[in-house]
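Report on the structure given below.
Owing to the predicted nature of the structure, the values given are computational and were not obtained by experimental measurement. Computed from heavy atoms alone, side chains included, the values below leave out hydrogens, waters and symmetry copies.
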Amino acid sequence: LTDWDEVVPLRIGYPSQLDWHAFSEDNLATVLGWVDALVKRHDSWRHPTTVNPNPYQLDSRSFHDLNNYWKTAQAVDVLGISHYHLQYPHKGRRPYVPACYLDRVRSASRTGSFWVVETQAGPILWDLGDDSPYPVSDAEASLRYWQMLGHGARAIMSWLYRTRIKGQQAGEFGLVAWDGSVTDRARAVGELSTLVQRHIELFSAYRYNAEIAILSPYSTLRLAALEGYENTAGKMYHQRSWLGAYRLLWDLHLQADFID
């Protein structure tokens with residue numbers, strides 16, 4: 001940019017708004033790509049780079065963050081996810097819902113796999129915008145880890161081992177108890193980790209084999225959001241369409257990919 005005359009102000013109407021959102025998505029991916037290249041230029045160890053969109057950046061709510069994860073996935077080595085069930089529809093209590101989001105991440109990834117950069121290790125009392133306690137049973141915690149592995153996760157990091165002692169997340173998410181004692185949940189996760197490491201060749205060779213693809217174009221999301229329906233509670237037609245299609249295949253025991 002050399003002159004402000006080169007800047008064309010935003011005008012009202014679908015074409016200009018759609019163009020602005022597409023440009024903003026490309027700009028974010030470009031900046032992430034620049035950071036990725038900078039890291040690789042100075043890192044002799046060649047550490048992989050990643051980003052971790054939240055659940056709300058993987059559905060209709062991503063429109064307002066200007067984060068098209070199909071594009072940002074191309075800017076880094078591994079696409080990640082912040083996997084917090086409380087932020088999913090139905091609070092993630094229905095197993096097909098988090099499974100659907102995991103498959104959306106895997107489908108967008110360049111490698112066909114992904115990292116869970118952070119996931120809920122323990123109960124939530126009030127954080128993440130909900131005033132109601134969100135307990136996690138030991139059996140539910142084990143199921144969630146198996147689900148992440150089954151849908152293509154190559155790394156899982158739990159947030160967090162021991163609860164924070166200050167700040168808005170004080171007392172939240174802990175894998176162990178407030179006093180540091182080991183919980184049954186922590187033992188179950190530790191046993192699962194040991195099992196995975198013992199059979200690492202098997203887990204590393206595993207590839208999710210989808211039989212059907214669900215068309216979920218981001219361009220349709222942009223149009224639906226600008227129409228206003230995607231912002232209205234009880235509507236969100238675009239999101240409900242791909243989530244409903246996934247549930248149909250889930251009930252038929254068919255694995256699915258997403259395509260943009």
Side-chain angles (χ1 to χ4, degrees), residues 10 14-33 35-36 49-92 94 96-111 113-120 128-130 148 151-153 159 213-247 256-260:
L10 184 66
Y14 281 137
S16 59
Q17 293 186 66
L18 291 172
D19 182 65
W20 170 252
H21 276 271
F23 164 77
S24 299
E25 296 160 12
D26 290 336
N27 183 60
L28 175 59
T30 299
V31 171
L32 290 174
V35 173
D36 173 83
T49 57
T50 185
V51 292
N52 55 308
N54 288 304
Y56 60 83
Q57 293 175 322
L58 298 169
D59 57 28
S60 298
R61 295 167 288 183
S62 65
F63 174 81
H64 304 287
D65 284 355
L66 303 174
N67 178 22
N68 184 336
Y69 66 95
W70 292 92
K71 295 180 178 179
T72 56
Q74 305 307 309
V76 294
D77 295 316
V78 183
L79 184 59
I81 179 175
S82 290
H83 192 50
Y84 289 94
H85 286 63
L86 184 61
Q87 294 180 320
Y88 290 119
H90 309 296
K91 296 186 178 181
R94 302 178 184 180
Y96 77 89
V97 174
C100 178
Y101 280 73
L102 292 173
D103 280 342
R104 288 175 71 79
V105 174
R106 178 188 49 76
S107 298
S109 172
R110 295 192 301 177
T111 62
S113 60
F114 58 92
W115 290 351
V116 178
V117 180
E118 56 177 341
T119 190
Q120 176 182 341
L128 297 181
D130 197 320
M148 289 179 250
H151 286 268
W159 180 260
I214 299 173
L215 177 62
S216 175
Y218 208 87
S219 58
T220 303
L221 168 59
R222 293 195 201 100
L223 187 59
L226 289 175
E227 285 279 5
Y229 293 117
E230 219 59 24
N231 313 325
T232 305
K235 292 189 175 181
M236 305 185 75
Y237 298 139
H238 178 266
Q239 177 174 322
R240 287 164 59 193
S241 66
W242 52 256
L243 189 57
Y246 188 89
R247 182 178 184 180
D257 273 332
F258 286 90
I259 55 177
D260 181 17

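When side chains are defined from C-beta on, D77 counts as touching R110, because their heavy atoms get closer than 4.5 Å. Counting heavy atoms from C-beta on, the side chains of D26 and K71 come closer than 4.5 Å. A heavy-atom distance below 4.5 Å is not found between the side chains of V35 and T49. Side-chain atoms of L79 and P53, non-hydrogen and from C-beta on, do get closer than 4.5 Å to each other. The side-chain heavy atoms of Y69 and I81, taken from C-beta on, include no pair separated by under 4.5 Å. Using a 4.5 Å heavy-atom threshold, the side chains of P89 and R94 count as separate. The closest side-chain heavy-atom distance from N67 to L28 is below 4.5 Å.
A donor and an acceptor atom, one from each side chain of Y246 and R104, are nowhere located under 3.5 Å apart. Checking N52 against S82 by side-chain atom types alone, a donor-acceptor pair falls below 3.5 Å.
The two residues I214 and A256 have their closest heavy-atom pair at CD1-CB, 4.1 Å. When all heavy atoms of L221 and S60 are compared, the pair lying nearest together is CD1-CA, 3.7 Å. Heavy atoms only, all atoms of each residue included: A75 and G33 are closest at CB-N, 3.6 Å. Taking both residues in full, the closest heavy atoms of T50 and G80 are given as OG1-N, 3.5 Å, listed atom of the first, atom of the second, then distance. Shortest non-hydrogen contact noted between L18 and L223 is CD2-N, 4.1 Å.
The NE2 atom of H151 sits 8.5 Å away from atom CZ of R106, with the distance rounded to the nearest 0.5 Å. Atoms CE and CG, from M236 and L243 in turn, are 10.0 Å apart once rounded to the nearest 0.5 Å. Rounding to the nearest 0.5 angstrom, the gap separating the OG1 atom in T30 from the CD atom in Q74 is 12.0 Å. For the atom pair L58 CG and Y101 OH, the distance stands at 7.5 Å (nearest 0.5 Å). From I259, atom CD1 reaches atom OG of S107 across 9.0 Å, with rounding to the nearest 0.5 Å. To the nearest 0.5 Å, atoms OH (Y84) and CG (N54) are separated by 8.5 Å.
Residues H83 and Y88 bring their aromatic ring centres within 6.0 Å.
The aromatic rings of H21 and F63 lie parallel to each other, their planes meeting at an angle below 30°, with 60° marking the opposite boundary.
Using modelled atom types, no side-chain atom of D59 and backbone atom of Q239 make a donor-acceptor pair closer than 3.5 Å. Proximity of a side-chain donor or acceptor of S109 to a complementary backbone N or O of V105 within less than 3.5 Å is not detected.
With respect to E25 and R222, a salt bridge is recorded, a charged nitrogen being found less than 4.0 Å from a carboxylate O.
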Carefully, step by step, assess R247 and C100 under the rule side-chain contact (heavy atoms from CB on, under 4.5 Å).
CA-CA 8 Å; R247 182 178 184 180; C100 178; over 6 Å; no
